[in-house]
There are 4 protein chains.
Amino acid sequence: MKLAILGSGFIARFYADSLVAQRRKDVITMVYSRTEENAKKFARDYNVDGYTTSIKECVNSKDVDAVIIALSNDLHLEAVLESAAAGKHVLCTKPLGRNAKEAMQMLRAVEDAKVMGGYLEDLCYTPKFLKALASIKSGSVGEITWAKSRETHPGPHSDWFWNKEKSGGGAMVDLGCHCVEIARNYIGKNVKPVEVMCWADTRVHPIDAEDNALGWVKYENGAIGQFEVSWSFRGGMDLRDEVMGTEGTIWINNFLRTGFEMITSGKAGSYVAEKAESNSGWLFPVGDETNELGYNHMFTDMFEAIENKREPNENFYDGYVVNAILDAAYASAASKKWEPVQLEEWRGISEKKAAKEVTSYNEDFYLIKEEVLPSGEKKFIIKNKKTGSIEVR
Amino acid sequence: MKLAILGSGFIARFYADSLVAQRRKDVITMVYSRTEENAKKFARDYNVDGYTTSIKECVNSKDVDAVIIALSNDLHLEAVLESAAAGKHVLCTKPLGRNAKEAMQMLRAVEDAKVMGGYLEDLCYTPKFLKALASIKSGSVGEITWAKSRETHPGPHSDWFWNKEKSGGGAMVDLGCHCVEIARNYIGKNVKPVEVMCWADTRVHPIDAEDNALGWVKYENGAIGQFEVSWSFRGGMDLRDEVMGTEGTIWINNFLRTGFEMITSGKAGSYVAEKAESNSGWLFPVGDETNELGYNHMFTDMFEAIENKREPNENFYDGYVVNAILDAAYASAASKKWEPVQLEEWRGISEKKAAKEVTSYNEDFYLIKEEVLPSGEKKFIIKNKKTGSIEVR
Amino acid sequence: MKLAILGSGFIARFYADSLVAQRRKDVITMVYSRTEENAKKFARDYNVDGYTTSIKECVNSKDVDAVIIALSNDLHLEAVLESAAAGKHVLCTKPLGRNAKEAMQMLRAVEDAKVMGGYLEDLCYTPKFLKALASIKSGSVGEITWAKSRETHPGPHSDWFWNKEKSGGGAMVDLGCHCVEIARNYIGKNVKPVEVMCWADTRVHPIDAEDNALGWVKYENGAIGQFEVSWSFRGGMDLRDEVMGTEGTIWINNFLRTGFEMITSGKAGSYVAEKAESNSGWLFPVGDETNELGYNHMFTDMFEAIENKREPNENFYDGYVVNAILDAAYASAASKKWEPVQLEEWRGISEKKAAKEVTSYNEDFYLIKEEVLPSGEKKFIIKNKKTGSIEVR
Amino acid sequence: MKLAILGSGFIARFYADSLVAQRRKDVITMVYSRTEENAKKFARDYNVDGYTTSIKECVNSKDVDAVIIALSNDLHLEAVLESAAAGKHVLCTKPLGRNAKEAMQMLRAVEDAKVMGGYLEDLCYTPKFLKALASIKSGSVGEITWAKSRETHPGPHSDWFWNKEKSGGGAMVDLGCHCVEIARNYIGKNVKPVEVMCWADTRVHPIDAEDNALGWVKYENGAIGQFEVSWSFRGGMDLRDEVMGTEGTIWINNFLRTGFEMITSGKAGSYVAEKAESNSGWLFPVGDETNELGYNHMFTDMFEAIENKREPNENFYDGYVVNAILDAAYASAASKKWEPVQLEEWRGISEKKAAKEVTSYNEDFYLIKEEVLPSGEKKFIIKNKKTGSIEVR
């Protein structure tokens, strides 16, 4: 697979690291950047043959099968439209649009052009996430009632993130897009997101956009997807998921506590770990960041999807749903009310919340809880089906 | 200190375990229970001289200096009124009332009778909590912007909890009262809680009250206190706090991961840990539950407060504030809107949110972020004080 | 219980902290120190009525029921002999002697004087240790085959530790005495320690004694007690136990990872945690050090033992066995061979290693291992009872 | 790179999983197994074109550039000799030989044939190991004084492991080979291993070989490499490294605690994690086992070494050194003495232990330790350069 990469910044380098990792079949043949200097440097660092400062030229290169968009949010729409016009498959980084309207234009563009639109949501491809999702699908934790995802760090590396016009918002659109899609996967992509409650505030940095936000996404089956995001967290990058189901619980820590602990006096002064706040004292490096953050499995899925003419796990429709949920979140932060998720088109099933299944103790009573006392005896807390009175047996 | 204990159930036994732990000076001289059988058994188990089935008789015993209330929520008011009438100091378990109205009656009763009203909020006395609070007060993590407390387990042991009339609600009033007061301590008791947003639902058990709830408490200085509670969590008792400040972060795990890990085939069949879901496979016991859950430090503070005629760390006014916040949470769960915290009386300071302190890069620019690149270079993301444009240096 | 404390240094203060914690019944009435200044300061800090620079005067005070020895190792013998001569119960810090010969003299002294000799081995009283030991005794992890204890830190606080004459050795006698007795408890105090292999070296500090040592203690039933000690560990104080049994495993972390994690920029500059290497970056405080390190439960056991005229969990005979094992360890480090543990007197049972119990697969085969394959099939690896050949079924 | 694989069992499947992971360039073209049925099944599962029951035929296939040996230990020598005779590069699983004599024959064979001999020591390629090693080489933890590696589990899957003739030993040769080479890397491959002390015993299984072993490898610079291995550990697979250096500490957990925690009631009954003891209760799956266990980075290094005509990180000489160390360990377990490591040929440097660098306090004193007291004061423990007396300043 011959690839063009649009962008040469932080995320473009993570993508490139993944694409040259572990003797991959796929090769980057073109790189676009706004400045020739950056394009050149990237081409040199990753052995890329061609570079350019024109998106159009880049995506129309004959040596390109698929385009990878690693640009600031304000350029996604243009880049997708150009790629689709050139008849190339297009893989776009997160968030898809700055809002659902932009995302829908991109979705229409790739579907009309009959090219694949892959949504580069790497955190839905981390090895832990993939295994957790498989466990959930196999029923190991029962029905999901609540799924939380948290991403917090001290703030992004590139300046455009901090500019609301370019990024479409602050910490919520930047980090919340991950959290929303992670929880949506756990709860089930077929389950419709209905409404959103959000708090957002600018607490620490001198910016217009929010640097902290919290939100709840309510799904049609009653499940709650919760997100916690911050650009003012101290301590590195905190990437955690928690899932509660009727038969079990899952806790995932993707970054700060993964089984690698180190303390150093710092005398050697060397670089130790990405986004660590210091290079002395206790540090918690991640073994293989590219793999742990999902990039390898993401690109493998994307390219195999293209070759096998199937949809990837994360596609432009998913990106659109995420943007629609975030639009509702911003509306809620402003109105201080639950705001409906506005979906022009719903491709999941519309399953009304089923009557809850309730366990009976016997003909006359429901079972609330069964206890084993320290003495070994069993105790049953039960509820009279007719009178509703609660008793102990 | 000679003590009467009202109640002989689960929580009464935790209290008694603490009161006989580590060669304490204090002694339980009377126990009240609704049934003589339970009162007798408790008296036998803990070497208590007297027992009775009359609250009045119990609190008026000459051999009693202070009364400890370990009864179901619907009996707190009566027990406090009787104790105050008898001129005895009174220590009441959490929540103080089923609602703020009841709590205010109790507060007035002890203050009118000039006896001490101690609020038995054990989780604000765990050794980890006390050390974290001391660190926060010393400034180690800067200004607190967000404090979360989470308590989830598979549901309470006693039947009255499940009865909304007796308990005043479900998981929120039962567990949320802990979480609310924990976050309030971290943020600062002098800071006024302003409004509350809450989601609550009955997801798993056949009961009328909520078995799951989430909430945000907004404080006058902009800080958010978050709570997560559940009666349908699988995996034991999850008791965790997270605090974010401008200069640091604190994570506390009080129960499921405290440095004690054990796997057993279960062949011996013995009891291993409280609220563990099983007695085989991986188990995570707590070394000294009574101490880790705060009971020892709580009673020490209470009795020393009485002896030194000072207020304890947690008093009836604190209990009243917690009830007022929970009232607002229940109102919000119903109205789906942020609801104001209605405080008849505010004893903290009313500090209006200060203008945020912003760091300058130089005369013309604010500093948004300083980065150390892998190359070692420094990068500054800055904002023009006049135009608001964002640049990189 | 009225107490005299001999010593006013680091460990004396830990003892005193425990003795004034949580409204204890017991009171320190006298303190001895070599220098009047230190004795005075200690008396002032802990509200002790009397102080002296004479051991004899201290232990003979009428206001003293029991003597607590918190002195450097070279003074234990004298202090025990004086206390026994005064007819006072005596509690001596670890190690009991600088060697088994000294320990035996102390054991004889208290037994001849018919006073209690309590061995202040606090790490055999930590809440986690006590619960683990109870689990082991209940059979939860089967027969113990291997027990490891590790104590490492950057070196002791007081100068006399570094002086081989005063302390009796280096890191091994200082820290190894804990580890040896911990493993001995797990394996069973009735099981005879037979021989010891030890490596010891002076790797980092300019001292004569060893600053690092490793050892294996072989018990009569084949179990191995392993110790790892260091005075040159970076990262605080590492206190961990690991136990392997035929039915389970136990892992205990007493200090560096107990569920309290904190990161701070250090701007506030305040003291955060004992033996932490710094006061900024990631820190791992212990909630209630005195309790977590076993001091509270230790003194409760000691005083109740005196009152009830029973032996405490850890007595002078235990201290003697530990010294005998350490003597063998020093001999082994010198001879580079396994050295026998020389016990003048063995009070446990002498159980010869039983013939190992072997599970049969059927009449002709032993069962080596049963496997469940990913396919769900079972596989049996078996051994022919006659020919010894290994097969798969 | 076209590959033949010899073997179709457990380890062969791990290798194949790695070789088809993440769109690799390399392809398996031939598989050998003793039984046609197994060879066929493997070929079908991994899309391999050819299969055979003849090693000679397999390695001589024209469609093969390199041979991967994933056979039982007794067949390594034959397979290497055949591959070398065929002029093919050869990658052999661990341990290289059953003993150093076999390993040396293999080393000579590949060197004489001028083909590459890669030693498939996957645990020296785990992402955490690679990052830790890089940190150590950069000086972050100073000089290594002690490195420990531990591998324990309930026993191997295949029957031949349990047969001492085929495997060359028990848990020590099977698992100890990993641990020895891990510690050797941390300490430095140029540093000569000098002597070994080992304890080994058959504690649980009805076999002739050891199912538990402990060992210390002493290096010329005084560093100690420690190993702990067991085939009777309960709780899954415990894979941990600990490294102590003069400037820092590293702790790595490769398997049982990697940031993925899950509890399930087990009702769904599905397969959750490899070598987990059960599929209910608390489980600790690894996200991406193939990557976490080092297979991906190992093969990438091996094939790039072949293409670039350089030595891989782990080669046949390393395998030989490991075997020589294990030979000394078996000798020590029998003689109960430290046994010398017999190396026919030493390719590292022979650096005599340097005089220890000692920090001076001033002209007259060495510095033993600098303390910051809780009061903030500094205390210095020092040693007189002439008299050796220890003092405090």
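Note on naming: letters A, B, ... go to the chains in the order of the sequence lines (proteins, then strands), and numbering restarts at 1 for each one. Predicted model only: the values in this text are computed from it and were never measured.
- Residue L367(A) touches chain B through its backbone alone, counting heavy-atom pairs closer than 4.5 Å.
- Looking only at heavy-atom pairs under 4.5 Å with chain A, the residue among S335(B), G245(B), A223(B) that has the most is A223(B).
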**Asked** Given the rule in the side chain to side chain contact (heavy atoms under 4.5 Å, CB included) test, do K369(A) and W231(B) qualify, once you have shown the distances and angles that lead to the verdict?
**Response** CA-CA 10 Å; K369(A) 199 169 177 240; W231(B) 278 354; over 6 Å; no
**Request:** Assess whether side chain to side chain contact (heavy atoms under 4.5 Å, CB included) is satisfied between Q226(B) and Q226(A), documenting all intermediate values.
**Result:** CA-CA 12 Å; Q226(B) 180 177 329; Q226(A) 179 176 331; 2.8 Å; yes
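- Heavy atoms closer than 4.5 Å to chain B are found in the side chain of S230(A), but not in its backbone.
- Proximity to chain B (any heavy atom under 4.5 Å) is shown, for I250(A), by neither the backbone nor the side chain.
- From I381(B), atom CD1 reaches atom CZ of F161(A) across 9.5 Å, with rounding to the nearest 0.5 Å.
- Among the candidates L214(A), T246(A), N212(A), the residue making the largest number of heavy-atom pairs closer than 4.5 Å to chain B is L214(A).
- The two residues K379(A) and H157(B) make their nearest non-hydrogen contact at NZ-O, 2.7 Å.
- Proximity to chain B is limited to the side chain of E242(A), based on heavy atoms less than 4.5 angstrom apart.
- In this structure, no portion of E165(A) lies under 4.5 Å from any heavy atom of chain B.
- Shown here for Y366(B) and P206(A), the closest heavy-atom pair between the two residues is CB-CG, 3.9 Å.
- With a 4.5 Å cut-off on non-hydrogen atoms, K166(A) does not touch chain B at all.
- Between atom CD1 of residue I224(B) and atom CG of residue D201(A) there is a gap of 7.5 Å, rounded to the nearest 0.5 Å.
- Contact annotation for R150(A): only side-chain heavy atoms (C-beta onward) come within less than 4.5 Å of a heavy atom of chain B.
- By the salt bridge (charged side-chain N to carboxylate O under 4.0 Å, His left out) test, K385(B) pairs with no residue at all, sequence neighbours left out.
- Evaluation of the ring pair (Phe, Tyr, Trp, His ring centres under 6.0 Å) rule for W216(B) yields W216(A) as partners, not counting sequence neighbours.
- Between chain A and the residues E247(B), E391(B), E195(B), K337(B), the largest count of heavy-atom pairs under 4.5 Å involves E247(B).
- Counting heavy atoms of neighbouring residues, nucleotides and ligands inside a 6.0 Å radius, atom CZ of R240(A) exceeds 12 of them.
- Contact detail for K336(B) and M197(A): the closest heavy-atom pair is O-CE, 4.3 Å.
- Contact check for R203(A) versus W146(B): no side-chain heavy atoms found under the 4.5 Å cut-off.
- K383(A) pairs with exactly one of N163(B), D208(B), D159(B) by the side chain to side chain contact (heavy atoms under 4.5 Å, CB included) rule, that one being D208(B).
- For the set I382(A), D238(A), T152(A), the count of heavy-atom pairs under 4.5 angstrom toward chain B peaks at D238(A).
- Geometric assessment of R234(A) against the ring of W251(B) yields a negative cation-pi assignment under the 6.0 Å and 45° thresholds.
- Note: S158(A) OG to I390(B) CD1 = 12.0 Å, rounded to the nearest 0.5 Å.
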